[in-house]
Undergrad: 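Supplied in structure tokens, the structure appears directly below.
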Amino acid sequence: MNGSTLFYLVRLSALFVLGYSLWILSFILTNKPIDYVAWVSFTNQSLFQFSTTFAFLFMLIHAFIGLWTVGTDYFTSRTLGFISPTLIRYADFIRGAYTIIFVALGFLIVTTTLFIIWS
Amino acid sequence: MTISINIYRYNPEKDKFPYMQSFEFEKPKRDIMVLELLNQLKEKDPTISYRRSCREGVCGSDGMNINGKNGLACITPLSSVIKKNKLDLRPLPGLPVVRDLVVDMTEFYAQYEKIKPFLQNDTPVDIGERLQSPEERDKLDGLYECILCACCSTSCPSFWWNPDKFVGPAALLQAYRFIADSRDTKTAERLQSLSDPFSVYRCHGIMNCVSVCPKGLNPNEAIGEIKSMLLSNKKNQNIITSDKAG
């Protein structure tokens with residue numbers, strides 16, 4: 001993928017998540033004390049459901065780009081070779097396993113969130 | 001008064017691992033450069049290896065890590081780096097060590113070659129040379145002075161981790177030197193060659209390059225300019241190219 005696209009995706013997703021977080025925070029601060037009814041009516045509105053869906057999808061994209069960057073910095077044959085020459089031959093496997101784990105974890109979190117929001 | 005000098009030693013022909021060798025050195029009455037200190041140590045131990053040539057900060061040969069910070073030994077006064085009467089000298093970090101303080105610069109030069117560090121202009125020359133206005137020439141100040149000592153690139157963690165993919169601050173400074181040159185007409189192609197996720201975008205702006213540059217240059221600013229040009233739309237890039245051609 002193009003470097004500029006990743007650059008924009010990281011920043012746009014961060015801005016959306018920031019806006020979403022501020023929106024939730026403003027609801028909590030301006031509705032004291034929050035009772036069960038107020039909370040349910042807030043979370044049942046379509047705006048909340050759609051914005052939460054987008055916020056978690058953007059978080060997934062943001063986390064993927066960040067963790068992919070970390071993986072291609074630190075889990076390479078060169079970098080792992082600094083720790084031990086034995087790790088050089090396992091670098092691709094370690095990076096692949098690391099990528100699968102964080103992608104699976106990200107999808108699990110997002111799927112669970114969407115299930116809670118929309119069910 | 002004596003000072004303790006610790007020098008990184010490694011001879012691949014006989015050493016299994018590198019080690020630090022200590023030397024006791026009589027503190028000179030007048031301030032001397034680190035290179036002069038090395039020259040005097042080499043008289044005691046001729047096996048100490050390091051590069052040097054012009055001894056006045058022009059050739060960029062004697063880049064090394066001096067008490068934890070990269071710099072040129074020939075223009076670094078001993079008094080400015082010595083701490084508690086101790087001085088550690090190591091090779092530039094991140095590059096393979098050939099011997100002692102001498103590093104293999106192949107990866108560094110490969111990145112420099114990648115950015116095509118020469119003027120590209122296919123248009124015919126009218127009057128024997130390509131002219132520039134004083135304002136256009138001013139844009140090259142702070143860019144062309146780089147001596148390729150590699151102090152900046154080898155102080156950059158992104159270059160340590162991906163020296164084969166991340167171009168590095170020294171070569172990026174030179175890339176921008178030709179992008180900013182009004183006589184060069186290959187701006188779009190130059191930017192295109194840097195548009196992948198590694199070449200420029202692995203710079204996260206930690207500015208180690210700026211703090212170590214012995215010539216006082218600012219590669220981070222040049223990288224920022226390249227990023228801005230890459231992020232602006234294609235239309236702007238075309239305008240830049242046609243401006244230069246015109």
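Lettering of chains follows the sequences in order, A, B, ..., and the numbering in each one begins at 1. These figures come from a predicted structure and were not determined experimentally. Atom set for the values below is all heavy atoms of this structure, side chains included, hydrogens, waters and symmetry mates excluded.
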Undergrad: Quick check: does any side chain N or O of B/Asn65 sit under 3.5 Å from a backbone N or O of B/Gly68, one acting as donor and the other as acceptor?
TA: yes
Undergrad: At a heavy-atom separation under 4.5 Å, does A/Thr5 approach chain B through its side chain, its backbone, both, or neither?
TA: neither
Undergrad: Indicate yes or no: does B/Arg183 engage B/Asp181 in a salt bridge with an N to O separation below 4.0 Å.
TA: yes
Undergrad: Based on non-hydrogen pairs under 4.5 Å, which of A/Asn2, A/Asp73, A/Thr79 is most in contact with chain B?
TA: A/Asp73
Undergrad: Taking NZ, NE, NH1 and NH2 as the nitrogens, is one of them in B/Asp196 or B/Lys165 under 4.0 Å from a carboxylate oxygen of the other?
TA: no
Undergrad: Under 4.0 Å between a side-chain nitrogen and a carboxylate oxygen: does that hold for B/Arg51 and B/Asp62?
TA: no
Undergrad: Tell me, for B/Phe198 versus chain A, whether the close heavy atoms (under 4.5 Å) come from the side chain, the backbone, both or neither.
TA: side chain
